[in-house]
J.: 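Handing you a structure now.
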Amino acid sequence: MTELERSIAAYATFLDEQSLSRSPVPTRQSQPDSPPAEGEPTVVQIRTPDADTLPVEDEEQSRRGWLGYAMLAAAAVILALGAIVLTDDSEESAPVDAVADSDFAPTEADALATVEAYYTAFEAGDAAAIEAAFVEDYSGFFYQGEGHGPPGNLSDHIGNRIWDAARGTVLLDRTCTAGAGESTWIAVVCEYGLHRSVQQAVDAPATPITERITVTAQGIRTLSTREGPQEFPVDDLFEFWMWANHAEDAAAVSCCDGGGSIGDERSDGELRQQYAEQWAAFLGENGCTYETVGCAPSAAFEESDAFGTVEAYYTAFETGDADGIEALFVEDPPEGGFPFDELVRTSAWNAGQGSTMTDRACTESGSDPSGIMVVCQFELHEAVQDVAGAPGTVFHQTITLSADGIQTVDASWFEPGIQGDRAFRFWMLANHFEDADATDWDEDGSIEDARSSGEIRRQYAEQWGAYLEESGCTYDAIGC
Amino acid sequence: VIREQTPVSDVTETSERKAAFSSFAREVEPRLRRALVAAFGPEIGTDAAAEAMAIGWEQWTVVSSRSNPTGYLWGIGRNVAHKSFGGRRLFPSPDPKQEPWIEPALPAAVEDLTENQRAAVLLVHGFQWTYREVAEMLGVSKSTVQSHEERGMAKLRAALGVEQ
């Protein structure tokens, strides 16, 4: 064995010890009275009380990115998807003499009790009790749901739960199944319906949630959340109503800007709850339903106007006409959508590189007397895709309009994103390092700078396209 | 907490499922953890292994039906690790006074290897796995593992200025 190999072996041992030290040493003082009896049902249901008796939970506002901002959106998507965390310990984590003692492993009853304590604390908005349900050295991150931004730490998670509780979210029909014994951890999977205050207000269905939790004798080691589809976009409608009628508080009722205190999160949640009640009354007075149909805009607002405005917006966007875009917006656009200055620079950048939109189709997704929400789907073809023959990127863009014009423009894009972008970026770094960043618009730059960056991107994209053709490579770099 | 009676047939089925998973977990979890630690470091690797095993339990029917369930969980753990990086340092440097036999520059050099090179180098030379064992875990061929290992070792030698 060489010196290097000896060093690697020693380092591997060190890493293994570090890994094992992440597992809590089994020093639990209180053991369960008795393990589950043989033959006892192994699937244990934890049922929540009736909805009326329960506290709160979350809804989220989706931070939809906007469209051509390929790079920004890519980062956002990565961050949004990024997440989940976990931890746990292995059976090896305990000292040898303890490993043999199966009492140190949590029982199913222990694990379910820990999980139940967590949910009880969550529903009660009890920050200290939520924290106490986790292991002391919890250092993981939490997946906060797509559109919620980057993964948060335990402090963020607690703030999020407190915000949820404060706005009256209820966990419906919760069931938890424990399994995987004979280790120092037990996996618990819980399913429930997340009934947010806004959903309650209009009697809309709850959002299905699945949470995967690993529990050790010292508490919860990992927790990750998967949110199912929300059948009706009541959150979007509520936020639309907020921006149209209470713009001054619209940002405040959103969750968890990070760094806020528990008290801040609680008061934000309570504020949202108050507005949700006002919104429900508003819908009731106007004969609206959560299904987003049968709730017409006010007489001053013609639906055809909305679609005409949307069409004019896209025409201005495609040509990079910042003044034209601005003219279509309300005088003081709320902060809810894609920031206006970024919108116009993105437009200029796309126009500079000759991006095109195809297959655009727009439909109404909801309306109330404040105005209308229109969702448009289209394919965006950037220069890179254009030269490489790659498919366009499908975007779903939501535009909210009131009688005075466009209020907000948001967008989500579909995986797998801008095809060829990574290969192009790699080629730029390898061959034109000095200009690699010049092909993207600068956050601090002007609209004209953005247009110029787009033009540079087009020039290099065409060179890259020629390179692909000469070398027999493809945009996805396969076979190259 | 209300415990509801479960039909006997369900109990049997669940017990069998649990027994099968527990047996699998006992055998696989330590190896999976080491492999993920080798690729991502002790913090992220340990967490990723835990999450992968939890998913394994949740989706045991799917996992157990795979031709290489260990490799399948490696893939899950790997995805989890990528999602949870969060800018954290991957490979800690030990205190030279306590670990004098570890070359001080080794952690940084290991961190500079690719993910597969790290896994191959640390599993083969650190944990004494065979190429075949590493290949099974990573779901690749033996020759691929050998290639990762050789390239990784070459990079380490270059970074540390050693010939052997």
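For clarity, every value in this text was computed on a predicted model and none was experimentally measured. Below, read A as the first sequence line, B as the second, and so on, with proteins coming before strands; counting in each chain starts at 1.
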J.: Any chance you could lay out the side chain to side chain contact (heavy atoms under 4.5 Å, CB included) test for A:Ile8 and B:Leu156, step after step, and finish with the verdict?
T.: CA-CA 10 Å; A:Ile8 292 171; B:Leu156 286 183; 3.8 Å; yes
J.: Which atoms of B:Val124 are under 4.5 Å from chain A, going by heavy atoms: the side chain, the backbone, both sets, or neither?
T.: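 For B:Val124, no heavy atom lies under 4.5 Å from chain A.
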J.: If every non-hydrogen atom of B:Pro107 is compared with every non-hydrogen atom of A:Tyr11, which pair is closest and at what distance?
T.: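 Closest approach of B:Pro107 to A:Tyr11: CB-OH, 3.4 Å.
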J.: Using every non-hydrogen atom in the two residues, find where A:Gln18 and B:Pro42 come nearest and quote the distance to one decimal.
T.: CB-CB, 3.6 Å
J.: Taking all non-hydrogen atoms of both residues, which atom of A:Ala12 and which atom of B:Gly126 are closest, and how far apart?
T.: CB-CA, 3.4 Å
J.: Is any side-chain heavy atom of B:Met153 closer than 4.5 Å to a side-chain heavy atom of A:Glu5?
T.: yes
J.: For A:Thr214 versus B:Ala50, what's the shortest heavy-atom pair and its separation?
T.: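 Smallest interatomic distance, heavy atoms only, reads CG2-O, 4.2 Å.
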J.: Before giving the answer on side chain to side chain contact (heavy atoms under 4.5 Å, CB included), spell out for B:Arg33 and A:Asp16 the whole-Å C-alpha distance, their side-chain angles and the decisive distance to 0.1 Å.
T.: CA-CA 9 Å; B:Arg33 181 177 54 75; A:Asp16 204 36; 3.1 Å; yes
J.: Is chain A contacted by the side chain of B:Ile55, its backbone, both, or neither, given a heavy-atom distance below 4.5 Å?
T.: both
J.: Start with the C-alpha gap between A:Leu4 and B:Glu103, add the side-chain angles, then the distance that decides, and say whether side chain to side chain contact (heavy atoms under 4.5 Å, CB included) holds.
T.: CA-CA 8 Å; A:Leu4 176 58; B:Glu103 159 59 44; over 6 Å; no
